[in-house]
Structures are given as C-alpha cells and as structure tokens.
Amino acid sequence: QEAGEECSDGEIVVKFSHVTNADRHPKGIAASLLAERVNDEMDGTMCVQVFPNSTLYNDDQVLEAMLQGDVQLAAPSLSKFETFTKQFRLFDLPFMFKNIDAVDAFQNSEAGAEMKDSMQRRGLQGLEFWHNGMKQFSANVPLETPEDAAGLKFRVQPSDVLVAQMEALDASPQPMAFSEVYGALQTGVVDGQENTWSNIYGQKFFEVQDGVTETNHGVLDYLVVASVDWLDSLDQDVRDQFTTILSEVTQTRNSESAAVNQEAKQAIIDAGGTVRTLSPEQRQQWVDAMKPVWSEFESDVGAENIEAAQDINASS
Amino acid sequence: MDVVLLFAMVIGLLLIGVPIAVSLGLSSIIFLLVFSDTSLASIAQSFYQGMAGHYTLLAIPFFILASSFMSTGGVARRIIRFSIALVGHLPGGLAIAGVVACMMFAALSGSSPATVVAIGSIVIAGMRQVGYSRDFAAGVICNAGTLGILIPPSIVMVVYASATDVSVGRMFLAGVIPGLLAGLMLMSAIYIIAVKRDLPRGEWLGWGEVWASARDAGWGLFLVIIILGGIYGGIFTPTEAAAVAAVYAFVIACFVYRDMGPLKHEPESVAAPYVQPSGERSIGAAEAPSQLGNNYTLMQKPWALVTAFVHRDVRDTLFEAAKLTVTLMFIIANALILKHVLTDEQIPQEIAGAMLNAGFGAVMFLVMVNVILLIGGQFMEPSGLIVIVAPLVFPIAIELGVDPIHLGIIMVVNMEIGMITPPVGLNLFVTSGVAGMPMMKVVRAALPFLCVLLVFLVLVTYVPWLSTFLPTLFMGPELITN
Amino acid sequence: MSGSSRSGLGRAVNAFEETAIAVILGLMTLVTFANVVLRYGFNETLIWGLEVTLILFAWLVIFGVSYCVKITAHLGVDALINVVPSRPRRMLAVLSGLICCAYAFLMLKGAWDYWAPFAALQPTEGRWFPLGFAEGVRDRAFYVTDQVPMLGIFRWLEPTINYGESYEKLPRVIPYAILPVGAALLLFRFVQATVDVVRGRRESLIVSHEAEDAVADAARANREE
Ligand code: NA
Ligand code: NA
C-alpha cells in the first residue's frame with residue numbers, strides 16, 4: 001500500500017526504487033517501514049513512493065537515474081559502488097569480517113563514515129548501511145573443504161573481487177541475473193551460489209541444492225544513497241527530520257538482521273534443507289584458500305581500511 | 001483519467017498509420033512531459049535498457065535466426081513430406097498433414113506468420129491440386145499456423161516471461177500439452193468434415209517412406225531436442241539454447257541439407273527457390289532427395305568450412321533475421337518505455353486497486369483479460385501487447401490466486417485467436433498473401449476452425465492443469481518469490 | 001527489398017548498413033555459443049561475454065531502426081488508411097511522417113542528455129526543446145561497464161575526459177554512444193521518408209505485418225505456377 005501512496009500537491013516526492021519484494025526481504029521491509037514513517041510523520045512535507053521488484057529500475061540503472069535526478073533514494077548492494085570508489089571492494093573480500101556485528105562496528109566507525117562520503121565528488125552521498133547478512137555457500141554437492149568447490153560453476157555477482165574469490169577456489173565464476181539463478185541451479189547450468197540465509201530461504205535455493213554450508217565468508221549489505229544535488233536542495237530542517245527517521249529505521253532493522261537470518265536458517269532446516277557447519281579446522285582451510293585474494297585488492301581498498309576491519313574483529 | 005488519454009493517443013496514432021513503435025513511444029514521451037518531472041533522458045535510458053537490461057529478451061534474435069536458417073534450409077519441405085507419410089492416407093489426409101506439418105514447424109520456429117509462410121506456401125497449392133477447395137486449404141493453414149506461438153519455442157512466451165519474471169523454461173513446457181491438444185482438435189474437426197464431405201485422401205506409402213522421410217526431416221526436428229532437452233537437461237539457459245539452436249540450424253542448412261551456402265549447387269536460373277508445387281508428388285516423396293543430389297559434398301569443397309561464414313546466403317539470412325529482430329524489438333522497447341512511464345506514475349497499482357475494489361473473482365478477471373487481449377490484438381503486434389498488458393494484469397492475477405504460468409498460456413492462446421479474427425489479424429494477412437485470396441474470403445474460410453480454437457480457449461482458461469502439469473512435473477511447483 | 005539507391009554512394013551505404021547489422025547479430029550468436037562451449041569444454045567462461053552480447057543487442061536494434069525506416073520495414077496498422085480515398089490518405093501519411101520526426105527529435109534530445117555526461121559533455125537545457133547547453137552538470141566519465149575489458153584503442157579517452165585516470169574497464173560512454181548516433185540517424189531517415197511521401201515517391205511509413213516480404217515471394221511463385 002506504500003507503493004500506491006498518492007502524494008499531495010506541495011509535498012516533496014521521494015521515489016525509492018529497489019529490486020526486492022516489499023514485505024519479506026530485509027531491504028524491502030526496511031524500505032516500506034521508511035515510507036510508512038516518513039509519510040506519517042512528515043505528512044504535507046515529504047512523501048516517499050516505493051517501487052519494489054525492479055519495476056522502475058534495476059540495481060545497475062538506478063544509480064544512473066539518481067545522478068540524472070529521476071529517482072531520489074536507492075539501496076543497491078555494496079558491490080554496485082565499486083565503480084564509484086574501489087574502497088567498497090573491502091566488503092566483498094572473503095573473511096574480512098568475523099560476523100555481522102563486526103561489519104556493523106566497522107560501518108559505524110570513522111572509516112565507515114568516510115566511505116559514505118567518498119562518492120561525493122561523483123555526486124552520490126551514502127546515507128546508511130542496511131544489513132542483509134553474512135554469505136554462505138551452497139552447491140549441488142556437499143561442500144566441506146575448499147577442494148569440494150574446485151571445478152564447480154558458481155553464480156556470483158559481477159564483481160572483480162568475487163570473480164577472484166571463486167578462482168582462488170579453482171571454481172568457475174558465472175555471472176547471471178538474480179532472477180535466473182533458481183532455474184539455473186535446478187537444471188544444473190550452475191552448480192552453486194553464495195548468498196545470505198534470508199536470500200537462500202526467500203529464493204528457495206536450498207530446494208535445488210545438496211545443502212548449504214555455513215561459511216560466513218562474506219557480507220551482503222546495502223547502502224542507502226541519495227544524490228548530493230537533491231540533498232542540497234532540501235531545507236535543512238526537512239533534511240534533518242528525514243535523515244533522523246532514516247537512521248532510526250536503520251537501527252531498528254539492522255538490529256534485527258541477525259535474528260532474521262537465524263530464522264531463515266531454521267526455516268531451511270525445518271523445510272528439510274541440509275545445513276552443514278564447519279569445524280574450526282575446516283573453516284581455517286577455507287580461510288587459507290581464499291584469503292590470498294586480499295593482497296590483489298589491497299591497493300584498491302586501502303591497507304588502513306583492512307587494518308581497521310581486523311582491529312574490530314580482534315576487539316569484539 | 002490521464003491514462004485513458006494516453007491509450008486514446010496510442011490508438012489514434014496507430015489508426016492514422018504511424019508505426020506501432022512510434023505510437024507507443026511518442027505517447028509515452030508526451031505523457032511523461034505533461035504529467036511528471038522525470039527527464040527526457042530517462043526515455044533514452046529505457047530504450048537502451050530495453051535491450052541491454054533484458055537478458056531474457058536476448059533469446060528472441062537467436063530464435064528468429066534459427067528459424068530463418070531452417071526456413072532457408074528447406075526444412076519445411078522435408079517436414080511436409082514426413083507429415084504426408086504419416087497421416088496422408090486418412091480422410092482429409094493432406095489437410096491433416098498440413099496441421100501436423102504446422103505443428104512440427106512450430107516446434108522449430110517462434111512465430112506464427114513464419115509458420116504460415118513456410119508451410120502454407122507449399123501445402124495450400126498442393127491441396128488445391130488434389131481437389132480441395134482453396135477456401136478449405138487456406139482455412140486449415142491459417143488456423144494451424146497460429147500454433148507457432150503456442151508450441152515452444154515461442155517469441156511471445158519469451159516476452160511474457162521477461163515482462164513478468166517467470167521462467168522461460170516453464171512457459172515453454174506449459175505450451176506443450178495445449179499445443180498438442182489444439183492440433184488434435186483441429187485435426188479431429190478436419191477428419192469429421194472430410195468424412196462428411198468425402199474429401200480426397202492419399203495413398204499409404206508404407207513404413208519405408210515414413211522411415212526415409214523421418215530420417216530426412218530428422219536433422220531439422222533434432223532442433224527441438226536441442227532446445228527443450230538443453231534447457232531441461234540443465235545444459236543451457238533458454239537464451240543459450242536459442243543461440244545454440246541458431247548455430248545448429250546454420251550447420252544443418254549449410255553442411256547437411258546444403259540448401260544454402262557454399263555447398264549449394266546453383267542452378268542456371270534461380271526462380272522461386274523453395275516453392276515448386278507441381279502436383280502432389282512434388283510435395284511428397286520425390287522432390288527433396290533429387291535436389292540434394294546436385295549439391296556439393298564437403299569432400300569436394302572442404303574450404304566451405306571457412307567460406308560458409310562469409311557466404312552471401314549466410315549474410316543475407318543473418319540480415320533478414322536481424323531486420324525482423326529490429327522491427328520487433330523496436331516495438332517491444334517502446335512498449336517497455338510505455339511500461340516505465342506508467343510505473344513511474346504508479347498507474348498499474350491504481351488499475352489493479354480499482355479492479356480489486358470492483359470485486360472481480362478469478363473467473364470474471366480471466367474473462368476480462370480475454371476481452372482486453374482480443375480487442376488489443378486488433379491493433380497491436382502480440383509481443384508489444386503482452387509487454388503492456390502483462391504488468392497491468394499480473395499483480396491482480398497473483399492476488400486472485402491465478403497461476404502465473406496458466407495466465408501466460410491464456411494470453412498466448414488469446415494472441416493466437418487475435419491473429420485470425422478480423423479486422424486485423426496477422427495470420428489472415430499472411431494467408432491471404434500466400435494463398436492469393438482476398439482478406440474477406442480468408443476470414444470466412446478460417447471461421448469454422450476459429451470456432452474450434454474458441455472452444456480450445458475456454459478449455460485452456462478453465463482447466464489450468466493443461467498448462468501447469470508439465471512444468472510442475474519437471475520443474476516442481478511454481479514459486480512466486482516477488 | 002533494398003532502399004532506393006541509385007548512386008554508387010547509396011549502394012555503398014546500403015551495403016555497409018546491411019553488413020553491419022548482419023555482423024552484429026552474428027557476433028552476438030558466436031559469443032553466446034562460445035561461452036557454452038567454453039563452459040562445457042574447458043570449464044571456463046568469458047566473464048564479459050554476457051555483457052558484451054547485451055551491448056551488441058542494444059547496438060543492433062538502435063542502429064538498425066533507422067535502416068528499417070529507409071526500407072519501410074516498421075510495422076503499423078493499415079486497416080483504416082487502406083479504406084480512405086487517396087488524397088486524405090496522402091495527407092495522413094504526411095502527418096504520420098511529421099509525427100515520426102517529432103518522436104525522433106525528442107528521442108535525440110533525450111539520447112544526448114543521457115549520453116553527454118558520460119562523455120564529460122553537457123546535456124541540453126529545456127524540458128523538451130533544447131535551449132542551449134547546461135552548465136556545471138557533474139560528469140559521469142568515470143562510470144565504467146561491469147565486466148567489459150578496456151580496449152587499448154580507447155586509451156586516449158583517459159586524458160581527454162577522465163582527468164588522466166586510467167580505466168580498468170570499458171567506460172560506459174562507448175556502448176551508450178549508439179544512442180545519440182542511432183537517434184540522429186533515425187531523425188534523418190524519418191525526415192527523408194516524410195519528404196518522399198510529400199513528393200509522392202513513397203506511400204506510407206509502415207508495412208502491415210512482419211512477413212510481407214516472404215509473402216510477396218510466395219505469392220509471386222504461386223502466380224508463376
Ligand atoms: Na513455436
Ligand atoms: Na484480430
């Protein structure tokens with residue numbers, strides 16, 4: 001019903017285009033919640049219209065449209081920002097963060113704030129990080145050691161880091177539209193994929209895979225962005241009220257993300273899906289196999305950012 | 001309401017002879033300029049992304065190309081020979097064989113008019129020579145040709161899948177049973193008429209001819225195995241299957257059938273390359289092999305392996321397929337612009353809301369969809385119509401519990417019927433051209449069989465099982481993740 | 001059916017357009033096919049294959065539309081214009097030609113406005129009619145494709161538009177360049193077609209269905225029999 005919001009005259013219309021469903025996906029829920037609160041608390045001033053399910057733009061087109069001024073809010077996954085600033089490759093690097101709390105701590109640190117501001121010269125302002133969660137591997141054969149993944153075809157998002165990560169496992173990375181993945185896994189065009197528990201459950205990937213291995217090897221998060229020009233066009237008090245609501249919504253939803261993923265994981269088990277956990281030795285094998293990717297991208301993400309992330313891992 | 005003005009403008013422009021694509025695009029641009037703040041640049045972005053952002057639609061040029069190689073390669077003639085060998089001896093045999101041939105060609109081609117041209121230009125003339133009336137022959141082919149978009153592969157299904165994010169593989173599987181059923185219903189109708197009117201029948205040519213013709217047509221029909229087997233066997237995505245099919249069809253046309261390319265023997269005078277009906281036998285057993293004998297073998301001209309890629313026939317086939325792709329995609333891309341503008345203004349939600357508030361049930365809803373499509377089909381190219389209508393009705397269908405695959409098949413069958421109903425029907429035009437008959441005569445000729453298809457539409461609408469059984473069997477229950 | 005090419009130049013342009021269109025489709029097919037072969041034969045993949053094919057698909061259509069205007073291949077509805085007398089029919093054809101020109105003109109402005117920032121150029125001012133060039137619009141020359149490798153022949157773009165920063169991937173300015181080019185060609189062909197209608201050298205801008213050429217061939221063959 002947020003999607004059908006009729007804005008009244010004089011309200012600042014905020015089009016928020018995203019690619020997931022509006023009521024079950026963590027991002028969709030957060031977007032709907034944001035729209036609900038803004039439309040309620042800023043009635044007469046601002047009006048958020050949510051366009052879910054890629055009905056208006058996909059993740060690739062939405063940033064172009066934002067720079068053009070045709071859409072005001074978006075929350076693409078972090079790898080979409082690599083063309084703007086290579087620092088964002090940090091989040092794709094395997095085993096960079098211990099868990100979602102470490103991710104959260106990094107994003108809320110000075111380094112995280114700098115990243116949000118790092119695209120200003122390109123015209124984008126990062127507002128808030130939204131969690132989906134930690135990524136797991138699934139495949140049509142049991143994955144316990146990195147050797148099990150060798151020779152398999154994995155669907156990955158089109159990102160250099162993720163391609164390098166799969167090549168480090170001697171697996172073959174396959175770019176593929178998200179909507180194609182279920183069919184491709186089912187028929188065997190690709191053997192496996194990496195995703196968060198909530199995506200694996202929401203897209204029913206576990207139904208067409210041998211099992212899911214709890215690797216927590218990467219992070220799938222989103223960055224809520226707006227264009228610098230649009231933000232500058234807002235009155236200071238309007239902008240403040242809006243960013244306050246956005247930040248409250250972010251806190252509410254992000255604090256629930258761990259629970260959401262736990263529920264999804266349990267739902268997979270309840271539905272008869274196989275979930276494999278790794279022993280510390282097995283996990284170390286995965287780390288040893290994939291961590292060499294870091295050095296390849298160190299100059300892109302900045303050694304100081306890697307250090308900051310590792311400090312957070314160690315202290316939490 | 002604004003949206004009424006928009007559609008009125010589209011129809012007005014269409015009627016005065018503006019190309020379909022421009023009618024859709026210009027109306028969308030004007031609507032955007034008047035009612036929204038969105039930039040003109042977004043129109044250009046939508047246009048570019050109509051192709052570059054739709055991986056699914058990429059199957060269309062490849063299926064068109066495969067079909068072009070198959071038409072040029074003379075597959076139609078071999079399929080017809082095989083069909084006659086199978087059913088030519090039944091009452092109304094040649095007519096029934098025409099339906100069988102249309103069904104087989106439909107399994108190679110994604111479009112209905114292509115099916116009518118390929119099969120009709122040979123069979124209609126053949127039927128007249130053995131004593132069928134021209135009306136009867138035209139009526140049969142005009143109707144059977146519509147199966148081109150119901151039997152997979154199908155361009156219209158690819159467009160539906162792309163517009164609604166359902167799987168192309170599922171849509172293709174869903175078309176199999178309805179396609180066979182529609183073919184059977186048409187053949188039964190012919191059989192009954194043939195027995196009543198004592199229409200001519202051919203001779204049974206023996207299992208030897210069945211075997212020989214099957215082997216000859218087999219190279220072409222193997223394409224079906226590549227497409228369906230490849231998709232469901234997990235070898236390729238549907239788009240890749242289409243590309244592989246195109247390459248396969250190129251190899252068959254150039255190196256096996258040798259009806260085109262460097263190994264084709266060029267006769268002194270080249271008149272009407274693949275339409276030579278001079279009596280029933282010529283469309284039957286004798287002709288295809290005799291022509292083959294004149295062609296070169298790869299042993300004689302081994303360099304053909306290289307020259308085939310730059311041969312004039314190959315270039316021309318690529319060009320013809322590309323031209324058709326361009327004209328279809330120009331319409332589809334502009335329909336996508338219209339869809340984008342409508343979404344930007346939240347029109348689909350408004351319409352969906354209005355329809356749901358009106359309290360329609362699933363049945364009333366499907367009847368309405370049928371009516372909208374039958375009317376829309378008078379003005380619009382089927383793929384463009386699907387792009388516009390699907391996003392409007394899809395959310396409502398989900399809300400009312402209609403299976404998305406079932407809805408897709410209903411839409412395809414509607415498109416089929418639209419093709420053979422006046423005033424504007426793609427297959428009517430094509431048949432009228434191929435058979436050399438005035439439009440109104442074709443309309444009358446098609447009428448008895450149109451009734452069969454209308455009964456079929458009711459069946460498909462009320463028996464979802466026909467559409468959903470195979471996809472569920474092979475690919476599990478439909479899941480709606482959006 | 002070929003365009004009305006009398007001069008040698010006209011023929012050369014025709015041949016170029018037809019060959020380019022055929023080659024683009026051929027490349028799309030080969031790249032996709034090659035990726036299937038690589039996947040099964042060598043467990044490899046051309047990571048840029050899909051994106052390049054999609055770019056070629058856009059190029060095929062956006063470049064091809066103007067040629068299809070030239071050879072009158074675009075589909076339309078001729079039910080009404082076929083039943084009106086010839087004078088009003090001609091008027092309607094001129095009108096629809098002008099409407100097509102308006103469409104191409106607006107598309108050209110949109111295409112320029114979209115593409116220009118990627119080329120570090122300025123979009124135009126004005127909602128629908130270009131009123132000169134804008135000033136100070138932030139450029140998007142940094143914006144690269146997802147996976148397409150940078151080609152050496154485009155290195156000159158780095159100092160020209162990207163402040164000397166090197167491109168790791170092909171910048172989007174290259175694939176998107178087809179938009180202003182295609183829209184300009186489309187406008188040119190529509191103007192040409194409209195002039196032809198006015199001069200009585202052409203009846204309309206549409207064909208009624210996609211198989212008209214094939215049907216004409218078949219009908220001719222049936223007559224000869
Ligand atoms: Na078909
Ligand atoms: Na019709």
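Proteins get letters first, then strands, A, B, ... in listed order; numbering begins at 1 in each.
Around OH of C/Tyr40, the count of heavy atoms belonging to other residues, nucleotides or ligands within 6.0 Å exceeds 12. Taking a 6.0 Å sphere around CH2 of C/Trp128, one finds it holds 12 or fewer heavy atoms contributed by other residues, nucleotides or ligands. The number of heavy atoms from other shown groups lying within 6.0 Å of CD (C/Glu135) does not exceed 12.
Residues A/Leu67 and C/Pro117 fail the side-chain proximity criterion, which asks for heavy atoms closer than 4.5 Å.
For a residue to count as touching a neighbouring chain, one of its non-hydrogen atoms must lie under 4.5 Å from one of that chain's; by this rule C/Glu51 does not touch chain A. C/Leu50 touches chain A through its side chain: at least one heavy atom from C-beta onward sits under 4.5 Å away, while N, CA, C and O do not. Contact annotation for C/Phe42: neither backbone nor side-chain heavy atoms come within less than 4.5 Å of a heavy atom of chain A. Heavy atoms closer than 4.5 Å to chain C are found in the backbone of A/Ser159, but not in its side chain.
For the options A/Gln68, A/Arg122, A/Arg121, A/Lys153, heavy-atom pairs under 4.5 Å to chain C are most numerous at A/Arg122.
A salt bridge links A/Asp60 with C/Arg172: the closest approach of a Lys/Arg side-chain nitrogen to an acidic carboxylate oxygen falls below 4.0 angstrom. Using a 4.0 Å cut-off between charged nitrogen and carboxylate oxygen, A/Lys86 and C/Glu165 do not count as a salt-bridge pair.
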| Evaluation steps, side chain to side chain contact (heavy atoms under 4.5 Å, CB included), between C/Lys169 and A/Thr83 | CA-CA 9 Å; C/Lys169 306 274 168 57; A/Thr83 39; over 6 Å; no
| Steps toward side chain to side chain contact (heavy atoms under 4.5 Å, CB included) verdict (A/Val228, C/Arg138) | CA-CA 11 Å; A/Val228 171; C/Arg138 218 186 305 261; 4.0 Å; yes
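Side-chain contact check for C/Tyr114 and A/Glu64: at least one donor-acceptor pair (N or O, by modelled atom type) lies under 3.5 Å.
When all heavy atoms of C/Asp146 and A/Pro158 are compared, the pair lying nearest together is OD2-CG, 3.9 Å. Residues A/Ser172 and C/Thr45 approach most closely at OG-CG2, 4.3 Å, considering heavy atoms.
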